[in-house]
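Working notes, beginning with the structure itself.
We number each residue from 1, following the sequence as shown. Just so it is clear, the values below take in all heavy atoms, side chains as well, and ignore hydrogens, waters and symmetry mates.
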Amino acid sequence: MPSDLKRVTRALLSVSDKTGLVDFARALHERGIELVSTGGTHKSLSEAGLPVKDVSELTGFPEMMDGRVKTLHPAVHGGLLAIRSNPEHQAAMLAHGIQAIDLLVVNLYPFEATVAAGKPYDDCIENIDIGGPAMIRAAAKNHGDVAVVVDGADYASVLDDIAQYDGSVTLTLRRRLAQKAYSRTAAYDAAISNWFANELGEPTPPFRALGGSIAEVMRYGENPHQSAAFYRTPENRPGVATARQVQGKQLSYNNINDTDAAYEAVAEFSPERSAAIVIVKHANPCGVAEGANLRDAYEKALRCDPVSAFGGIVAMNRPLDAEAARAITEIFTEVIIAPDASEEAIAIVAAKKNLRLLLAGSLPDPRAPGLTLRTVAGGFLAQNRDNAVVDAMDLKVVTKRAPTEQELADLRFAFRVAKHVKSNAIVYAKDLATVGIGAGQMSRVDSSRIAAWKAAEAAKAASLPETLARGSVVASDAFFPFADGLLAAAEAGATAVIQPGGSMRDDEVIKAADEAGLAMVFTGHRHFRH
């Protein structure tokens, strides 16, 4: 039997989420453990017929100030923090009538849920827990003597120890619970501090806290030798984190990363305007299209790069229907993500048992503010999400020839896609579908050439006599520093260009566009995505 056991004689329970509470408390009572509680928790236990003391019986003070002050008292914190083997601590407990608390069970006021529900400022403030984190931190610090539970999922582990070791809890479990407790209070404080920063309009607070709750432990990370896990944050942005997985094997680290990229990209296309499909491979779109329906959009998107689409991620901006499901399942696909799906579509996908189907409930708003993070050695970079959308940009025609109405529609489409392609990014598009994508190259002219080559290869795959780039438009995520990238697009058959502008050689590039007969517009917005 372990020598580090600590017997539980008294437990303090104070929880907002009362799931499983009564059964847990009853099991403690049956082991002869005294129950102490507060407010609504005390009421729940009393109504269940359990003998339970009110915390005011320990403190000698009633709850006051609308419950803001109830556990912030030496009788509580002394009972949690006293080191049982320390004679001075024992003498202080005896002198002041402090009773030891051996087990603390606390989950915090639902601050994150209150914010997610869009409640008013004052409601959010009132749901900031003060006494709970203070008790949790005290108990966790003194885990040598005290067990602290912040998650109902740990009730069973505590009861297992108590049953196995005759009313005691092991040091191994107490340490694990203490680590979890500090993680919980850290995530809680992070949610509060980041909410405050947003409320104040402070994009670069002097301290940036991060916190999340584990959603899933991955089999491995980007590569098999890397461990990894998926964490949810309080942002509650529709996507992989909110999605219900209807079927398929466990998502991998790379699946989640690629699926997020696909769903964020497809959200650029309003479902009220048209159906849209984005096919992603290795975090880059390899085919994007709008259509009259999802099947039409999928077939157009697939034509762009059918080779890369094999084993890819398919995202859509409308509920998955049967026709689209049949088309998508004709080739090997890793993940389908949609806002919803018809029962017939779900049944069709079910025939591919390993294919993951995720239903996210809704689309993320591409205009919404948010935060993106990237780690670097010794720190991390934080920036506002790129929520610039081309529909809100004032496009400036800079060439002698203005784009036609069809070219302009394709230019806007291509720039939406370019926002989600790794830099340097070049996107050829025609009839609201990508026909060639060049991504992630060190040279913009190389991206232009790769995109043109992709368009030619796609034409060969479709048994067409000429490149898909013929008569297309081209989008660049950043300005052309030289005319060579633009001329490569013209040579491939593009007729119009959309780019941010702002180069020292804009005049040279504009002149080259005019000489090639291209129409060109500047957006004034860059979409680097490294």
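- The backbone N or O of Ile256 sits nowhere less than 3.5 Å from a side-chain atom of Asp260 that would complete a donor-acceptor pair.
- Nearest approach of Lys300 to Ala289, heavy atoms of both residues: CB-CB, 3.5 Å.
- Applying the ring pair (Phe, Tyr, Trp, His ring centres under 6.0 Å) definition to pairs two or more places apart or across chains, none involves residues 362-389.
- For the residue pair Gln250 and Gln245, no side-chain donor N or O sits within less than 3.5 Å of a side-chain acceptor on the partner.
- Looking at residues two or more places apart in sequence or on another chain, you find a side-chain hydrogen bond (donor to acceptor under 3.5 Å, both in side chains) between His527 and Asp386.
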N/O donor to acceptor pairs below 3.5 angstrom from side-chain atoms of residues 451-460, sequence neighbours left out:
from	atom 1	to	atom 2	distance (Å)
Lys454	NZ	Asp305	OD2	2.9
Glu457	OE2	Lys460	NZ	3.3

Worked verdict on Val266 versus Leu363 for side-chain contact (heavy atoms from CB on, under 4.5 Å): CA-CA 9 Å; Val266 86; Leu363 289 168; 4.2 Å; yes

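- Among all heavy-atom pairs drawn from Ala276 and Leu294, the shortest one is O-CD2, 3.8 Å.
- Atoms CG and OG, on Asp151 and Ser183 in that order, are 11.5 Å from each other to the nearest 0.5 Å.
- Taking the side chain as every heavy atom from C-beta outward, Arg412 and Leu408 approach each other to under 4.5 Å.
- Listed here is the closest heavy atom pair of Leu411 and Pro403: CD1-CB, 3.9 Å.
- A donor-acceptor distance shorter than 3.5 angstrom exists from the side chain of Asn293 to the backbone of Arg295, with no hydrogens or angles considered.
- Closest approach of Arg26 to Ala48, counting heavy atoms only: NH2-O, 3.3 Å.
- Checked by atom type, the side-chain pair Ser447/Gln441 shows no donor-acceptor distance below 3.5 Å.
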Criterion side-chain contact (heavy atoms from CB on, under 4.5 Å) on Leu468 and Tyr428, from CA distance to verdict: CA-CA 9 Å; Leu468 296 184; Tyr428 289 83; over 6 Å; no

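- Pairs passing the side-chain hydrogen bond (donor to acceptor under 3.5 Å, both in side chains) check and including a residue from residues 204-215, sequence neighbours excluded, read Asn194-Arg208, Glu202-Thr204.
- Side chains of Asn127 and Leu108 form no contact here, defined as non-hydrogen atoms less than 4.5 Å apart.
- Shown here is Phe24, whose CZ atom has more than 12 heavy atoms of other residues, nucleotides or ligands within 6.0 Å.
- Gln406 is linked by a side-chain hydrogen bond (donor to acceptor under 3.5 Å, both in side chains) to Asp410, counting only residues two or more places apart in sequence or in another chain.
- Taking OG1 of Thr523 as the start and CZ of Phe415 as the end, the distance is 3.5 Å to the nearest 0.5 Å.
- Going from atom CD1 of Ile279 over to atom OG1 of Thr333 covers 7.5 Å, rounded to the nearest 0.5 Å.
- Legend: residues meeting ring-ring contact (aromatic ring centres under 6.0 Å, His included) with Tyr231, ordered by chain and number and at least two apart, are absent.
- Without hydrogens or angle criteria, Ser476 side chain to Phe479 main chain gives no donor-acceptor distance under 3.5 Å.
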Working for side-chain contact (heavy atoms from CB on, under 4.5 Å), residues Val280 and Val314: CA-CA 7 Å; Val280 159; Val314 179; over 6 Å; no

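- Between Arg326 and Asp321, none of the side-chain N atoms (NZ, or NE/NH1/NH2) sits under 4.0 Å from a carboxylate O, so this pair counts as no salt bridge.
- Of all the heavy atoms in Cys304 and Gly287, the pair that sits closest is CB-CA, 4.0 Å.
- For Glu268, the side-chain hydrogen bond (donor to acceptor under 3.5 Å, both in side chains) partners two or more places apart in sequence, or in a different chain, are Lys419, His420.
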Intermediate values then yes/no, side-chain contact (heavy atoms from CB on, under 4.5 Å), Arg385 and Glu235: CA-CA 12 Å; Arg385 180 182 290 114; Glu235 184 185 20; 2.7 Å; yes

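- In this structure, Gln247 contributes its side chain and Leu355 its backbone to a donor-acceptor pair below 3.5 Å.
- One finds a salt bridge joining Asp154 and Lys180 here, because a Lys/Arg side-chain nitrogen approaches an Asp/Glu carboxylate oxygen to under 4.0 Å.
- Between Arg184 and Glu112, at least one side-chain nitrogen of the basic residue sits less than 4.0 Å from a carboxylate oxygen of the acidic one, meeting the salt-bridge criterion.
- Interatomic distance, Asn107 CG to Ser14 OG, rounded to the nearest 0.5 Å: 8.5 Å.
- Of all the heavy atoms in Thr41 and Leu13, the pair that sits closest is CG2-O, 3.6 Å.
- Judged by distance alone, the side chains of Ser270 and Glu272 do bring a donor and an acceptor atom under 3.5 Å apart.
- If you take CG on Leu371 and OG1 on Thr233, they are separated by 9.5 Å, rounding to the nearest 0.5 Å.
- Listed by chain and number, the residues in a ring-ring contact (aromatic ring centres under 6.0 Å, His included) with Phe332 are Phe310 (sequence neighbours excluded).
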Full working for side-chain hydrogen bond (donor to acceptor under 3.5 Å, both in side chains) between Asp123 and Thr114: CA-CA 7 Å; Asp123 286 358; Thr114 303; over 6 Å; no

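- For the pair Arg174 (side chain) and His143 (backbone), a donor-acceptor distance under 3.5 Å is present.
- Taking CD of Glu330 as the reference point, atom NZ of Lys352 lies at 9.0 Å (rounded to 0.5 Å).
- Screening residues 360-379 for side-chain hydrogen bond (donor to acceptor under 3.5 Å, both in side chains), with sequence neighbours left out, gives Thr372-Gln383.
- For the residue pair Asp17/Thr19, the side-chain donor-acceptor check at 3.5 Å is satisfied.
- Under the 3.5 Å distance criterion, the side-chain polar atoms of Thr434 are matched with a main-chain donor or acceptor of Val288.
- Remark: the backbone N or O of Ala350 is not paired with any side-chain donor or acceptor of Lys353 at under 3.5 angstrom.
- Phe413 pairs by the ring-ring contact (aromatic ring centres under 6.0 Å, His included) definition with Phe269, not counting sequence neighbours.
- Between the side chain of Tyr188 and the backbone N or O of Asp129, at least one donor-acceptor pair lies under 3.5 Å.
- Partners of Thr329 according to the side-chain hydrogen bond (donor to acceptor under 3.5 Å, both in side chains) rule, which considers only residues two or more places apart in sequence or in another chain, do not exist here.
- Under a 3.5 Å cut-off, the side chain of Thr242 and the backbone N or O of Gly239 do form a donor-acceptor pair.
- Checked against Asp477 for a salt bridge (charged side-chain N to carboxylate O under 4.0 Å, His left out), the options Lys422, Arg444, Arg526, Arg529 give a single hit: Arg444.
- With sequence neighbours left out, the ring-ring contact (aromatic ring centres under 6.0 Å, His included) criterion links Tyr121 to Trp195.
- Taking 4.0 Å as the cut-off between side-chain N and carboxylate O, Lys249 and Glu334 do not count as a salt-bridged pair.
- Remark: side-chain polar atoms of Asp161 are paired, donor with acceptor, to backbone N or O of Thr170 under 3.5 angstrom.
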